[in-house]
Every structure is written in structure tokens, then in C-alpha cells.
Amino acid sequence: MIRLGLFLTLGGLLFGIAPVALAIGAGTLGASLGCEVNEGSIHPCPLWGYDIGETLYQFGVLGWLGLMTLPIGLPIAAIGLLLLLVALCRRLYAAARKG
């Protein structure tokens, strides 16, 4: 039950937060390179001789997927935390009964 709780908690958090985290990372990388990153259009952004503007644009637009994944992933993570809490309470209760 602990493995299921951990799987649901970590999987739900990763599923829910990953698109938003990638969009924030794309914006941060673009800002550190002095490039403009937005959903309106693709802007050139050179990195080591390659133009990564289209990639940053795609990751920036991926943030909108968070509107779908956050409401699904976070309740799954909450269910996983509840399972972990139940497993912990069962272990503590069993340990107290043994003496």
C-alpha cells in the first residue's frame, strides 16, 4: 500500500506540474539568453550556433496543457497522500499493539 501511495503521489505531481514546469523553464532559458518567448509567434533565439526559438515556443505553449493536467494530477496526488497516511497509521497501530 505504501508503494501504491508513493506511485500515485509522485506520478500525480509529475503529471500535473510537468507542462507548467517546462513552460517556466523555456521562459527562463529564453530570458537568460535575451530572447523573447511568448505564445504569439516564434522569435529567433540563438544558442551555441543553433536557433532554438521554435523549441522554446513549443515548450511555452505546452504550459497551456497544465490547464488540463493540474486538475487531474493534483487530486491523484492527494489520494496517494491519503493512502500513505492510512498505511502509516496502520503501521503505528500494529507496532503499538505488539508492545
Side-chain angles (χ1 to χ4, degrees):
M1 189 141 137
I2 291 177
R3 286 185 182 175
L4 178 63
L6 280 173
F7 176 76
L8 287 177
T9 302
L10 297 177
L13 284 175
L14 183 64
F15 177 77
I17 296 175
V20 177
L22 288 173
I24 292 171
T28 304
L29 178 62
S32 68
L33 294 173
C35 304
E36 184 179 351
V37 178
N38 60 28
E39 301 96 17
S41 62
I42 299 171
H43 302 283
C45 187
L47 175 67
W48 298 324
Y50 296 101
D51 183 21
I52 61 167
E54 185 174 350
T55 305
L56 292 178
Y57 169 80
Q58 291 173 349
F59 279 116
V61 172
L62 188 65
W64 287 103
L65 183 62
L67 291 174
M68 297 285 292
T69 60
L70 280 172
I72 296 170
L74 295 184
I76 290 173
I79 291 170
L81 283 174
L82 185 64
L83 286 174
L84 285 173
L85 182 64
V86 167
L88 178 66
C89 289
R90 282 185 176 181
R91 276 195 178 185
L92 291 175
Y93 180 72
R97 287 191 68 184
K98 282 186 176 179

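By convention here, the first residue in the shown sequence is residue 1. Keep in mind that what you see is a predicted model, and the values were worked out from it rather than measured.
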Which atom pair, heavy atoms only, marks the closest approach of [X] to [Y]?
{"X": "Thr69", "Y": "Pro19", "value": "OG1-CG, 3.6 Å"}
{"X": "Gly60", "Y": "Ala23", "value": "O-CB, 3.9 Å"}
{"X": "Pro71", "Y": "Gly66", "value": "CD-O, 3.8 Å"}
{"X": "Leu4", "Y": "Leu83", "value": "CD2-CD1, 3.9 Å"}

With a 4.5 Å cut-off on side-chain heavy atoms, are [Y] and [X] touching?
{"X": "Glu39", "Y": "Trp64", "result": "yes"}
{"X": "Ile2", "Y": "Arg91", "result": "yes"}
{"X": "Met1", "Y": "Leu84", "result": "no"}

Review point. Among the clusters formed by ILVMFWY side chains lying less than 4.5 Å apart, do Leu6 and Leu85 turn up in the same one?
Key: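 Not linked; separate clusters.
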So does [X] have more than 12 non-hydrogen atoms from other groups sitting under 6.0 Å from [atom1]?
{"X": "Met68", "atom1": "CE", "value": "no"}
{"X": "Glu54", "atom1": "CD", "value": "no"}
{"X": "Phe59", "atom1": "CZ", "value": "no"}

Check your understanding: With no hydrogens and no angle check, is any side-chain donor or acceptor of Asp51 less than 3.5 Å from a backbone partner on Pro44?
Key ->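 Absent.
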Rounded distance [0.5 Å steps], [atom1] in [X] versus [atom2] in [Y]:
{"X": "Leu13", "Y": "Leu74", "atom1": "CG", "atom2": "CG", "result": "6.5 Å"}
{"X": "Ile76", "Y": "Leu14", "atom1": "CD1", "atom2": "CG", "result": "11.5 Å"}
{"X": "Leu70", "Y": "Leu65", "atom1": "CG", "atom2": "CG", "result": "9.0 Å"}
{"X": "Thr9", "Y": "Leu81", "atom1": "OG1", "atom2": "CG", "result": "4.0 Å"}
{"X": "Ser41", "Y": "Tyr57", "atom1": "OG", "atom2": "OH", "result": "8.0 Å"}

Exercise for review: Would you mind listing the cluster partners of Leu29? Hydrophobic ones only (ILVMFWY), side-chain contacts under 4.5 Å, chaining allowed.
Suggested key: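 Taking Ile, Leu, Val, Met, Phe, Trp and Tyr as members, Leu29 shares its hydrophobic cluster with Leu33, Val37, Leu47, Trp48, Ile52, Leu56.
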Practice item. Kindly determine whether Gln58 and Leu62 satisfy side chain to side chain contact (heavy atoms under 4.5 Å, CB included), including the steps that lead there. Key: CA-CA 6 Å; Gln58 291 173 349; Leu62 188 65; over 6 Å; no
